[in-house]
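It should be emphasised that the depicted structure is a prediction, and the values quoted were computed from it without experimental measurement.
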Amino acid sequence: MKLTTIAFKNVRKNLSFYSLYLFSVAFILTVFFTFVSFSMNDIMMEKISEDGRVETMTRTISVFLMAFVLFYMSYSNTFFMKRRMKELGIYALLGYRKSAMLKLLTFENILICIGALLIGIIMGGFAHKGIVSGISMLLDLRINSGIIPLFNGKAVFYSLVFVFVVVLALSFSNWRLLRKTTLLSLVRLEKAVEKPIKIRVPAAVLGLLLIIAGDWVAIDAIRGKESLWKSIGVSPMGLLMVMLITAGTSLFIYSFVPYLMRKLEKRKSLLYKEIAIVTIPKFIYRIRTNAKTLIMLSLLIAGTLGVFGSTALTMYYPVAAITRIIPSAMEFPVEKPEQAERAIQALHEVIGPGQYEALQTTFLNVRSQSDNLPTEYTLGKEPGFELIALSDYNRLLAQQGRKIGHKQLETNSALLVKYRSDPEKKDVGQIYRLSLPDNQSLDVTVRDTTLANPVGFNISVGILVISDELYYRLADHKLPEFSVMSIDGPDLRQSKTAYEALQPLLKDNPYFASAYARTYEIMYANSSTFLLLGFLTVLFFIAAGSILYFHNISAVTYEQKDYEILSKMGYSKRKIQKMIRRQIQVMYAIPFGIGFVHSICGLVCYKSLLIDDVLGQSHQIIVPVAMALAIAGVIFCLYYFITKRACYRAAFPR
């Protein structure tokens, strides 16, 4: 029989087993083809990339993407090779040369890769069109999607070449494995590696300590300026964290988990149960072959959850922070009186009366001679405080729909508006000496601090809210002043129409700010980054879920005769299914639990180092991360149920 015929029959007869492999490879090639099509879309690149940053990023991600696809397919190929060792041994006994077996494996790989590539190109073409339409709608790019081809010719050729290289790499890997494998080892390879592991307590304790140390290094970033990340440096601390986590995870799984299982084994009340007496010794016996997979999965899941969570956090936080960066829907310093009138008239014509509120507020500029000044004093365009009357401050908060916290202030007392949260309220009780004309001065005492800034940080950062009496008394000293026009209204923060009505009138005012325009800028500037990270996250999910699936179904297939023996001993089908379920749950729980802890610590580190927390509200950070982790949990639960169903079918074939 010809090798090509055998290859066709092998794939066709084992289609149920190969189906998820084919599906996962097709899914990965779909993501790959979508990414390649997107990166080769000149129309889209011209719209979203002005300085070549996106092109550079796509090239970098492309290399990483190809390496990841190659790694995943190599892992899957090795998995199938090991599963087919007995079959290859039979071919050898029938007189097939190793070169013939290599051709057979190569034909099968070609069949699967071609099938997966065809699916990937078709699905990827539609996915690319959908992504282009979505980004065009989100960023209002006004791209005629009709002129963008469903299948990019260059992307198709690029994908074909890449898959050809993958097949060559897989064939080379198979050749190396066959070359160093004897006939006996082909038949006995599966059993040869099943050796009981020796428990080493020092290694188990060291693994636990290293894994705690790695996560502690990550969490240390919350100490801010006092953390090791600031005193030693981000790069060396990042490298140390990765090394500790990698080494700790390896030793933890290789030594501590079997040590823990051995302890459980000695607890007779726990061991002598009809399920535990089979699953615990079996896990300890197979931990050596499971260890590498569990270590790789733990790190892979940690990376997947970390990338997914940081992407959600990076996308959500800047948009949420706009409520502080630009508290009103639109605002601008009034340079000329007629400028404010023209702006109001333009709004009146475009969105109509009653659809907006406008309030013009006057601030007084003042310097201070004190030595204990807050950091906000120097964060503005020039060092100094901006003074606002309490009544104006409250009217502005009410217009913005925010809660009014202080209705009265004592004379010569002030409310300090903070840039960042200060839970310890270190500035409360401080006395600032304000410099007045003619060498006069006035002391004001900070009675409280707040995060409710009335105007955007591009206009003012160091704001003191003072009583109306003190404000008008200081105004008589002819201090420098400036006025800010704040405009709010229902849905005005998302109103493109309102923004476009004022933008031509205020295009020469560099401090004109719009919540809509700022949100658009953030989405426009980061859309490509989010998209590229999204590609990687999807690939990570597919790889982690598929590896868990293949590993569990392989283990259950190997143990099929054990289940037959258990059945003859009196174990019912339901109990054996429960036993299989426990094994799968352990294989899912260990890497997911370790990866979850690592990713949480990594996200805390990421947030502390890279996100400027101007919101001062922890739940604003928790919400996007929790949503991302919940989505990841749902995806892995879905993989779990698919795996469980496939394992039941493998254990009890019809």
Side-chain angles (χ1 to χ4, degrees), residues 20 23-24 26-28 30-32 34-35 38 61 64-65 68 72 123-124 126-128 130-131 133-135 137-138 215 218 296-321 519 522-523 526-549 552 584-585 587-607 610-611 615 617-645:
L20 186 60
F23 178 72
S24 60
F27 209 169
I28 280 186
T30 298
V31 177
F32 180 80
T34 305
F35 175 82
F38 182 81
I61 297 290
F64 187 81
L65 196 61
F68 187 81
Y72 173 75
M123 293 176 63
F126 287 103
H128 172 232
I131 289 173
S133 300
I135 293 178
M137 188 181 301
L138 181 66
D215 289 336
M296 180 185 65
L297 283 170
S298 299
L299 298 176
L300 183 60
I301 290 175
T304 304
L305 297 180
V307 171
F308 193 31
S310 60
T311 303
L313 187 58
T314 307
M315 185 168 57
Y316 173 85
Y317 189 83
V319 176
T519 305
I522 291 173
M523 298 301 292
N526 295 293
S527 58
S528 55
T529 304
F530 297 147
L531 187 66
L532 298 179
L533 289 176
F535 278 117
L536 289 180
T537 305
V538 170
L539 281 181
F540 284 174
F541 275 125
I542 296 171
S546 301
I547 290 171
L548 278 166
Y549 171 87
N552 280 288
I584 299 172
Q585 287 169 354
M587 288 302 296
Y588 268 79
I590 291 176
F592 189 81
I594 296 174
F596 182 81
V597 173
H598 288 333
S599 64
I600 290 294
C601 295
L603 287 171
V604 170
C605 179
Y606 172 78
K607 174 255 174 185
L610 299 178
I611 291 184
L615 289 173
Q617 301 170 3
S618 58
H619 68 275
Q620 296 278 16
I621 306 293
I622 293 173
V623 168
V625 174
M627 288 181 63
L629 295 180
I631 292 172
V634 170
I635 293 172
F636 280 114
C637 281
L638 185 62
Y639 264 110
Y640 166 74
F641 286 113
I642 294 174
T643 304
K644 187 179 71 172
R645 183 172 178 273

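Listed by chain and number, the residues in a side-chain hydrogen bond (donor to acceptor under 3.5 Å, both in side chains) with Ser310 amount to none (sequence neighbours excluded). Among residues two or more places apart in sequence or in another chain, the side-chain hydrogen bond (donor to acceptor under 3.5 Å, both in side chains) test is passed with Ser298 by none.
Separation of atoms CG (Leu638) and CZ (Phe541) is listed at 11.5 Å; rounding is to 0.5 Å. Taken to the nearest 0.5 Å, the CZ atom of Phe636 stands 7.0 Å off from the CG atom of Leu548. Here OG1 of Thr314 is found 11.5 Å from CD1 of Ile522. Values are rounded to the nearest 0.5 Å. Met627 contributes atom CE, which lies 9.0 Å from atom OH of Tyr316 (distance to the nearest 0.5 angstrom). To the nearest 0.5 Å, atom CZ of residue Phe641 and atom CD1 of residue Ile584 are 11.0 Å apart.
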In residues 590-605, what donor-acceptor pairs under 3.5 Å come from side-chain atoms, sequence neighbours left out?
unit_1	atom_1	unit_2	atom_2	d
His598	ND1	Asp215	OD1	2.9
His598	ND1	Asp215	OD2	3.4
His598	NE2	Thr249	OG1	3.0
Ser599	OG	Gly595	O	3.1
Ser599	OG	Phe596	O	2.8

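Nearest heavy atoms, Tyr549 versus Tyr588: N-OH, 4.4 Å.
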